[in-house]
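Take this structure, written in structure tokens, and hold onto it; I'll ask about it next.
We number each residue from 1, following the sequence as shown.
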Amino acid sequence: MEQIHWVQHRCRQLLVGDSGRGWYSSPNGIPNKSSQNAHCYPHIFRGKRRTVLAHYGPYQQEYEDISKNYKGNAIRTTKYSILTFIPMNLFQQFHRAANLYFLFLALLNWVPVVEAFQKEITMLPLLVVLTVTAIKDALEDYRRYLFDKKVNNNEVRVKQKAYTVQCWKDVRVGDFIHLSCNEIIPADMLLLYSSDPRGICYIETANLDGETNLKQRQVVSDFSLQGLEIHPDSFNSRIECENPNNDLSNFKGYIEHSSGVRVGLHNSNLLLRSCTIRNTETVVGIVVYAGHESKAMMNNSGPRYKRSKLEKRLNTDILWCVVLLIVMCLTAAIGHSLWLKNLKDPIFQVDVETSPALAGFYVFWTMIIVLQVLIPISLYVSIEIVKLGQIYFIHNDLALYNEQMNSRIQCRALNITEELGQVQYLFSDKTGTLTENNMVFRRCSIYGVDYPHEENARRLEMYGPEKTEAAGRSVALKSSFSGKSLSCRSLSCNYSSVSLHTLTAESEEQENQLSNHIQTRTCAREVVPDPELVKKLNWLSSPVLPLSEDSSDTPSSLEFTYITDFFLALAICNSVVVSSPSQPRHMVSKESGTPLRSLEEIKLMFQRLSFTPFSDLSTLSPSQIKGSPRTFTWGKTDSVTFSTPPNSNTESEQDQEWQVKGKAIQVDIGDINTNCDCTKQNVEDLTRDVGTDDELLYEAESPDEAALVHAARVYRCTLRGRSAESLLVDLPGIGSLTVQLLHILPFDSNRKRMSVVIRHPLTGQVVVYTKGADSVIMDLAQTPKGAGAEQAQDIYSHIREQTQKHLDSYAREGLRTLCIAKKVLEEEEYEVWLKKQLLAESSIENREELMLESSQSLETNLTLLGTTGIVDRLQEEVPETIEALQRAGIKVWVLTGDKQETAINIAYSCKLLCPSDQLLTASCRTGNQEKSFSNSMASFVLVIDGQTVEWALQEELNNDFIELSCRCKAIICCRSTPRQKSQVVQLIRNQLGVTTLAVGDGANDVSMIQMADVGIGISGQEGMQAVMSSDFAISRFKHLRKLLLVHGHWCYARLANMVLYFIYKNVMYVNLLFWYQFFCGFSGGVMTNSWVLIFFNLLFTSVPPLIYGVLDQDSSADNLMGQPEIYQAVYIPYIFWITAVDAFYQSLVCFFMPYCALVGSDAGELSLGSLINASALLIILLHQVLESHTLTWIHVVVLVLSGGFYFGFVLLFSVFCVTCSPPTNPVGVETQQMSQPLFYIICALTTVTALLPRYKHIPSHPYGGLHPAITCLLSKAFLSACSLAPLLS
């Protein structure tokens, strides 16, 4: 193994010496082009760069000078410290306009000429709000402090003279970190050593991006040759890399050794903070970024803040309240000026030195202080509290719990719950969102022949959700240290450290969700093989192998090659990690892969079966192309004999009869009965053999890969092990073979394909296997050219034509399609490409572009082998959910990267499309097409592809696109890129001003989720990126129905009504003070003591609205689910003025009825105020009872306590406070008033009169009337008041 690494290293050095573009300078300081360029690398870093030296290495003084500006590894996510909490929290709170307004009023009350109350009283509302908010912020920050402390005190082994255990917070840039399996990486570090002999290690990035599949990292090239752990005192190298940034997918730099050799560094050499070491006993790395400079921390921007439309409308309503306040204060100022001007011979003391105009100016500011409660200062805090209560009930709804995945809904955004009730456009991904994303191999086409797998189709139709529990079979064991459930892939690790939960602030539920992620990949292996394909593969593994096309049932040698290459490509063209319950990772060793047949037999067979390139195929005769009649016979340990046509002069006599052991046996093909009666038995044996085989676990990056690997395994083409340089594969009839893996060209969204480059173990040829989207592979497939290529072109054209028909057929069935292709490289061609690939791998500047260019140059002139059809079933209740959402007035768009035919088929399945709908197809390639159905009154559904969307999004066309989309019932955007998805959402949201919701399950949906007003992630098979970027996370699409129609409607209705109720009670109570100004010369006087005035809205009537906002249900959940049309409730703009008019009416009744009752009596102003306050309290509390649609014991208790708190406070105040509210004296006023029956009669009559219009209005409410108990109670109270009315006279 070390020799191979050494050869690769020397080849790279030689290549760089020729090109001058790489990262390697020649040793011994030879002044060539490479060494000259090596010292010019700093120019490739745009901006500053970072130099890293070993902490305890030979360059201590230089290390101290360089690293003093680098941050330590301690993290701090708290906002405050003990010293900064009060000033910083106050500074942040006074960013709110309402707090600044009340601070202004408190300061204004200190001005003597406009003073309305005692100075300390006006500060109480502001102090209460600031204190409550500060306590909430302090608790949240304390929780973050505990989390930071837990992380910073985690322990890790750091190399000094010897390994010592240190806390994470003490790690510094340049430290050598020693990690074992299952330990979490404390800082971004460069991998210098791995106990794996190949110089690799596996990491799990679940803490970083939510993905549970393993990712491979490579030791820096030169260090992988050493095979020994690195020591700081012998580390003489210098690391130059880019400054800290948040790009998780890129890392640029180089390491310069003392000899002057420079080695390029890239992302596969970097271990990121918070990832977990898996499947590797020991790794050692040097820290390059620590603490807040690590990529993980730089990506941690905290929760995003979104403002709901209701909050924006609330600001508008507050502005109207300000307008009302100014009008009232202006009225009082003008009234006071006129009153002073017309005042003659006053009998009380009046400041005659001040002019009426100036006195009116002073009164204006006095009234601002008196009427300050018109602006609801506690409303914002109340809204936050209510939203927390709403989230609690959403979070604990059992209907949104997924028992299979043991996951419930996650509410990640705390401030937009009401947006769930205002959604107008819903943008959905298809795969994994509408469908299971549980890919199952359904059928395939090879060599232009379709294999329908009918038994497999019947099994899938009978497959039920209840069977999904048996899938996955990923055993979980307990880690002896952490106590957490770990995947079986970590069983070989002897050392176990902190588990995932130590580095995440999410709930343990999310950890369980991540650990169960792999186990949910159900039934990918449950494939019933096709009998016809089994029969052909059995010929390959049978003792007698017919290679004639004399019979229609007998495959040709060319078809055998296609079938073998097809399943070999399915098995190896992937990045699957193989493991089993007994062995966490299957490695490829020298002893592995002993074939069942002798190597000479297999090589000769493949030489005869090897696929001839089209350039050579064109020179053969038609009979040779179809397949010459041969005899190909072998036994398990006997002999192999080939009989060839007489005109074949390319083979020697030794080839014509080659004997391995014993006696030669020759069998003529004509004697073979190809119509085998035991095909069905072969299928059963094959299925049984696979099931009883050693249990293998495949860790795939996507469900597609897992499905294809399992399908290949069903046909005995089994991937058994993987290493960095080789693969262990079982082939039917051959046994285990070690395949040399030369390169992996991973999938990317630009190429839409992935490839592997191998050296064939039997033919020795360099072969490229490629799988990818049919739209790409079909274009890259080779067409024979040149003289004499007609015959070859006929064969290939037939294969291509039939494959395209099968692709279209699969798409119409709603299957996901992938094309499989291969390419055989000549050695010279491979060497040329290898030089280009090595240059791209070792380059920093434009490395991604060079890698893309290199991959594309290799993936040309491919030979099309066939295609696969993978079924991705709809999730349960998807059609019912979409139908309900459409009935609720929500437009549903599907944005998918799949083919048009597949998207349309799924749209019909999920009832987004109805048979009566008219389908409009917009495509740049074919122009606009319209498919009309018989019903002329049907709705329109637009189907548009990605290319056309790109045109439609242009500024000059987007208005037409929007106009067209508004006239359509639904839109299906197929072949869409992630960028196009987010652009479509942004266009609709901005141009139409509607509330948008985006739902998806994969990384390609993140931009769309973040762009929408409400982003919902589905925890599916594609990792957790969508969940971690979302506002709400659910496990099934069907949960959207209740989340929007029930919880969304409730949250919106509760908050909207609570806001109106706050405005109502403030306007109503402020008007009581305003009416009193007409009887006190608009002087700013009040008829009650200032303490009651301040506490009335702040304490006495503040709790009932909170209960209303959390518990009220204007309609039952069953009613909302059964009648989605109710969801379309909207916040009517003029409802504010209706509420204000209602408040004006009630304030008139509440003020003038007690006034008329006491007029002419000896009652003072505090007696009048006592009656008005008590009546106002009853009116406001009972008004909420009338508005509520739900009455529980909690409501009753809160209402009774609110009323009892008021009466208890005023009674105690009137008994003990003598000078609490100068110049008035409240002693004995309340006790005297409440001891008289007239007080209660007036209060009852005033309350009933004020609420009578509201009572009459309630029965016509669209969601029902009053509770019968309340109706009876109010009726009795009204009759009692009427019977006592004569006493008032």
Side-chain angles (χ1 to χ4, degrees), residues 386-414 416-423 426 428 432-436 464-466 468-469 507-510 512-513 516 520 874-888 890 892 910-911 997 999-1001 1014-1020 1026-1027 1030-1055 1109-1129 1189-1190 1192 1263:
V386 166
K387 287 181 178 180
L388 289 175
Q390 292 175 348
I391 288 173
Y392 172 80
F393 284 106
I394 294 175
H395 192 64
N396 290 278
D397 189 346
L398 291 178
L400 303 180
Y401 171 73
N402 189 330
E403 185 176 0
Q404 179 187 339
M405 295 181 64
N406 189 28
S407 66
R408 52 185 176 180
I409 184 172
Q410 300 177 36
C411 302
R412 304 175 60 85
L414 306 181
I416 58 170
T417 55
E418 68 274 20
E419 290 286 83
L420 295 171
Q422 305 175 72
V423 175
L426 186 147
S428 173
T433 303
L434 300 178
T435 61
E436 293 277 3
E466 66 277 0
T468 60
E469 299 177 359
S507 62
E508 186 174 343
E509 163 214 336
Q510 182 169 349
N512 294 334
Q513 191 171 349
N516 292 334
T520 59
L874 279 180
Q875 295 182 18
E876 68 275 14
E877 299 183 29
V878 168
E880 295 81 357
T881 301
I882 289 182
E883 182 183 14
L885 294 177
Q886 288 181 328
R887 287 176 57 192
I890 300 174
V892 180
C910 66
K911 292 187 179 179
L997 181 147
V999 54
D1001 72 316
V1014 181
I1016 293 184
I1018 292 184
S1019 50
V1027 168
S1030 64
D1031 303 308
F1032 300 89
I1034 57 179
S1035 58
R1036 310 295 285 176
F1037 184 83
K1038 67 176 183 180
H1039 293 159
L1040 274 180
R1041 185 178 181 184
K1042 186 168 187 182
L1043 181 62
L1044 296 184
L1045 301 185
V1046 178
H1047 289 291
H1049 176 80
W1050 280 347
C1051 290
Y1052 175 71
R1054 290 164 176 169
L1055 279 173
V1110 174
L1111 299 179
D1112 191 54
Q1113 298 179 6
D1114 58 1
S1115 188
S1116 67
D1118 294 337
N1119 193 29
L1120 289 170
M1121 294 283 280
Q1123 301 180 30
E1125 294 80 7
I1126 301 177
Y1127 178 81
Q1128 301 178 32
H1189 304 84
T1190 303
T1192 65
Y1263 305 135

(message) For the backbone of G1109 and the side chain of Q390, can you confirm whether one donor and one acceptor N or O come within less than 3.5 Å of each other?
(response)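 At least one qualifying donor-acceptor pair exists.
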(message) Test your reading of the model: is there a side-chain donor-acceptor pair from W1050 to the backbone of S1116, 3.5 Å cut-off?
(response)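 No, W1050 side chain to S1116 backbone: no donor-acceptor pair under 3.5 Å.
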(request) State plainly whether the residues E418 and K387 are in salt-bridge range, i.e. N to O under 4.0 Å. (result)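 The answer is yes: the pair qualifies as a salt bridge.
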(message) Treating H1049 as the side-chain partner and L1044 as the backbone partner, does any N or O pair qualify as donor plus acceptor under 3.5 Å?
(response)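 Judged by distance alone, no pair lies under 3.5 Å.
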(message) List the residues meeting side chain to side chain donor-acceptor pair (under 3.5 Å) with H1039, not counting sequence neighbours, and say none if there are none.
(response)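 With neighbours one apart ignored, the set is empty.
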(request) Could you tell me the separation between the CG atom of D1001 and the CD1 atom of I1016, rounded to the nearest 0.5 Å? (result)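 Reported value, rounded in 0.5 Å steps: 13.0 Å.
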(message) Any non-hydrogen side-chain atom of S428 less than 4.5 Å from a side-chain atom of L434?
(response)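 In contact.
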(message) If you compare all heavy atoms of S1030 against all heavy atoms of G1017, which two are closest, and at what distance to 0.1 Å?
(response)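 Answer, listing the atom of S1030 first, then G1017: CB-N, 3.3 Å.
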(message) Once side-chain contact (heavy atoms from CB on, under 4.5 Å) is applied, do any residues pair with D397, and if so which ones, sequence neighbours excluded?
(response)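 Only A399, L400, K1042, H1047 meet the side-chain contact (heavy atoms from CB on, under 4.5 Å) criterion with D397.
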(message) Looking at every heavy atom in both V878 and F1037, which two are closest together, and how far apart are they?
(response)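 Looking at all heavy atoms of both residues, the closest pair is CG2-CD2, 4.1 Å.
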(request) Please examine the side chains of I1126 and D1114, heavy atoms only from C-beta on, and report whether any two atoms are closer than 4.5 Å. (result)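 Not in contact.
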(message) Distance check, rounded to the nearest 0.5 Å: T417 atom OG1 versus D1031 atom CG?
(response)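 Rounded to the nearest 0.5 Å, the OG1-CG separation comes out at 11.0 Å.
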(request) Determine yes or no for a side-chain-to-main-chain donor-acceptor pair under 3.5 angstrom, with Y1127 supplying the side chain and V423 the backbone. (result)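 Yes: the side chain of Y1127 pairs with the backbone of V423.
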(message) Suppose we screen for side chain to side chain donor-acceptor pair (under 3.5 Å). Which residues come up paired with T881, at least two apart in sequence or across chains?
(response)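 With sequence neighbours excluded, T881 shows a side chain to side chain donor-acceptor pair (under 3.5 Å) to no residue whatsoever.
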(request) Quick one: list whatever passes side chain to side chain donor-acceptor pair (under 3.5 Å) with Q1123, sequence neighbours left out. (result)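 Side chain to side chain donor-acceptor pair (under 3.5 Å) check on Q1123 returns N1119.
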(message) My understanding is that only residues two or more places apart in sequence, or in another chain, count here; which of them pass side chain to side chain donor-acceptor pair (under 3.5 Å) with Y401?
(response)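 Counting only residues at least two positions away or on another chain, Y401 forms a side chain to side chain donor-acceptor pair (under 3.5 Å) with N406.
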(message) Whether E880 and R1041 form a salt bridge (side-chain N of Lys/Arg under 4.0 Å from carboxylate O of Asp/Glu) is what I want to check.
(response)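 No, no charged N to carboxylate O under 4.0 Å.
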(request) Verify, without hydrogens or angle tests, whether D1112 (side chain) and H1189 (backbone) share a donor-acceptor contact under 3.5 angstrom. (result)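 Yes, the answer is positive, given that a donor and an acceptor are paired below the 3.5 Å cut-off.
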(request) Look up atom CG in L388 and atom SG in C411, then write down how far apart they are to the nearest 0.5 Å. (result)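 Separation between the atoms: 10.5 Å.
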(message) Please tell me whether Q422 and E419 have a donor and an acceptor in their side chains that are separated by less than 3.5 angstrom.
(response)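 Yes, E419 and Q422 have a side-chain donor paired with an acceptor closer than 3.5 Å.
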(message) I'd like to check the side-chain contact (heavy atoms from CB on, under 4.5 Å) partners of F393; sequence neighbours left out, ordered by chain and number.
(response)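 Per chain and number, F393 pairs via side-chain contact (heavy atoms from CB on, under 4.5 Å) with V1110, L1111.
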(message) With rounding to the nearest 0.5 angstrom, report the CG to CG distance, L1040 to L1045.
(response)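 One finds 9.0 Å between CG of L1040 and CG of L1045.
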(request) For the residue pair L997 and I890, establish whether any side-chain heavy-atom pair is separated by less than 4.5 Å. (result)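 Side chain of L997 against side chain of I890, heavy atoms only: no contact under 4.5 Å found.
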(request) Hey, could you give me the CD1/CG distance between I882 and L426, rounded to the nearest 0.5 Å? (result)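 The distance works out to 8.5 Å.
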(request) Go through the steps for K1038 and Q875 under the test side-chain contact (heavy atoms from CB on, under 4.5 Å), then give the verdict. (result) CA-CA 8 Å; K1038 67 176 183 180; Q875 295 182 18; 6.0 Å; no
